[in-house]
Amino acid sequence: MTPTQEPPLHLVFMGVSGSGKSTVARAVQERLGWAFAEGDDFHPPENVAKMSEGTPLTDADRWGWLESLAEWAAERDARGEPTLMACSALRKSYRDVLRRGGEGTFFVHCTGDKHMLLDRMNAREHFMPPSLLESQLDTLEPLRPDERGMDVDPALPPERLAAMVLARLGLA
Ligand SMILES: Nc1ncnc2c1ncn2[C@@H]1O[C@H](COP(=O)(O)OP(=O)(O)O)[C@@H](O)[C@H]1O
Ligand SMILES: O=C(O)[C@H](O)[C@@H](O)[C@H](O)[C@H](O)COP(=O)(O)O
């Protein structure tokens, strides 16, 4: 009998702005060396301009962006390659688009104390102003029980979070 091959894993680090998704994704990337897509880099300039001036994106602004990220993962999936991605993926319908990237899609939701996130957003240089955190939290739909994934608390150090993700997936 031919052994069945597991589909490649596609880890999507999700969460509101400032939740540490890019930081923990990079910590996992250092451990695994897989291809990594930073969602921020896939936005068209109009989206970045909108966010920079403090206007939240609409669904219409987000679909093309999400589709381009799903296509990036799907290209690698077709070659049997696993991937890592940082993308807010706030709503279930957005995650449905990202799941087109491959059967092995798994979400890591960075979810923590609002005041800690605000402090971190105020301390960093980024196009996303801290004023947008509230609308991000209003839009957020946490992972449902039938969605493959896990929650992590960004109060913990990034290396510890990376170790937790690897342990959960049997990659440690
Ligand atoms: N686990 C962590 N511990 C300490 N600082 C963190 C942690 N995760 C993120 N940060 C810091 O918080 C800020 C926001 O993190 P970032 O990864 O850019 O968030 P996101 O990609 O979700 O917007 C950055 O300045 C980052 O260095
Ligand atoms: O690092 C960040 O602050 C976030 O990644 C930020 O850039 C934002 O969350 C999305 O990229 C915008 O899209 P949404 O409005 O859909 O989150």
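In this text the structure is predicted, and so the values were computed from the model without any measurement. Every number for a ligand or one of its atoms is a count from 1 in the order of the listing. Quick note: residue numbers are just sequence positions, from 1.
Heavy-atom proximity to atom 4 (C) of ligand 2, evaluated over Lys21, Met128, Met51, Met14, is greatest for Lys21. Residue Arg120 holds the heavy atom nearest to atom 4 (C) of ligand 1 of all those in Gln136, Lys21, Arg120, Arg124. When the options Ser22, Gly20, Ser17 are ranked by their closest heavy atom to atom 21 (O) of ligand 1, first place goes to Ser22.
At the top of the distance list for atom 26 (C) of ligand 1, counting protein heavy atoms only, stands Thr23 OG1, 3.6 Å. Taking atom 11 (O) of ligand 2 as the reference point, the nearest protein heavy-atom neighbour is His43 NE2, 2.9 Å. Ranking the protein heavy atoms by distance from atom 15 (O) of ligand 2 puts Arg62 NH2, 2.8 Å first. With respect to atom 2 (C) of ligand 2, the closest heavy atom belonging to the protein is Ser17 OG, 3.4 Å. If you check which protein heavy atom lies closest to atom 7 (O) of ligand 2, you get Asp40 OD1, 2.7 Å.
Within the structure, ligand 1 lacks Ala86 among the residues with a heavy atom less than 4.0 angstrom away. Using a 4.0 angstrom heavy-atom cutoff, Arg124 counts as in contact with ligand 2. Under the 4.0 angstrom criterion for non-hydrogen atoms, Gly15 is not in contact with ligand 1. Remark: distances from the non-hydrogen atoms of Tyr94 to ligand 2 are all 4.0 Å or more. Judged by the shortest distance from any of its heavy atoms, Ser19 lies inside the 4.0 Å radius around the atoms of ligand 1.
Taking CG of Asp153 as the reference point, atom CZ of Arg160 lies at 10.0 Å (rounded to 0.5 Å). Note that the CD atom of Glu103 and the OG1 atom of Thr105 stand 9.0 Å from one another [nearest 0.5 Å]. Rounded to the nearest 0.5 angstrom, Ser19 OG and Met116 CE are separated by 8.5 Å.
Ring-plane geometry between His43 and Trp65 is classed as parallel, the angle between the planes falling under 30 degrees on a 0 to 90 degree scale with a further cut at 60.
Of all atoms in ligand 2, listed by their number and element, those nearer than 4.0 Å to a heavy atom of Gln136 are 9 (O), 14 (P), 15 (O), 17 (O). Against a heavy-atom cut-off of under 4.0 Å, Phe127 is close to the following atoms of ligand 2: 7 (O). Atoms of ligand 1 lying under 4.0 Å from any heavy atom of Val16, numbered from 1 in the order shown and given with element: 22 (O). Under a 4.0 Å criterion applied to the non-hydrogen atoms of Pro158, ligand 1 contributes the atoms 1 (N), 2 (C), 3 (N).
Contacts between Leu90 and ligand 2 below 4.0 angstrom, taking non-hydrogen atoms only, involve the side chain exclusively. If you look at Ser88 next to ligand 2, the close heavy atoms, those under 4.0 Å, all belong to the side chain. Contacts between Met121 and ligand 2, counted as non-hydrogen atom pairs separated by less than 4.0 Å, are absent for every part of the residue. Residue-level proximity to ligand 1 for Pro154 is carried by the backbone, the only part with a heavy atom below 4.0 angstrom.
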Legend entry - Thr58 vs Asp61, side chain to side chain donor-acceptor pair (under 3.5 Å): CA-CA, chis, key distance, verdict: CA-CA 5 Å; Thr58 62; Asp61 298 321; 3.0 Å; yes
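Between the side chain of Glu38 and the backbone N or O of Asp40 there is at least one donor-acceptor pair closer than 3.5 Å. A distance-only check finds a donor-acceptor pair linking the side chain of Arg76 to the backbone of Trp72 [under 3.5 Å]. Remark: side-chain polar atoms of Arg95 are paired, donor with acceptor, to backbone N or O of Leu90 under 3.5 angstrom.
For the pair Cys110 and Lys21, the tightest heavy-atom approach, listed with the atom from each and the gap, is SG-CA, 3.7 Å. In terms of heavy-atom proximity, Pro129 sits nearest to Ser52 at CG-O, 4.3 Å. Closest heavy-atom contact between Val24 and Pro158: CG2-O, 4.3 Å.
Classification of Lys114 and Glu134 as a salt-bridged pair holds, one side-chain N sitting under 4.0 Å from a carboxylate O.
Other residues, nucleotides and ligands place more than 12 heavy atoms under 6.0 Å from the CD atom of Glu141.
A side-chain hydrogen bond (donor to acceptor under 3.5 Å, both in side chains) with Glu147 holds for exactly one of His109, Lys92, Arg99; it is Arg99.
By the 3.5 Å distance cut-off applied to N or O atoms, Gly18 is counted among the residues near ligand 1. Polar contact with ligand 1: present for Leu156 (N/O pair, distance under 3.5 Å).
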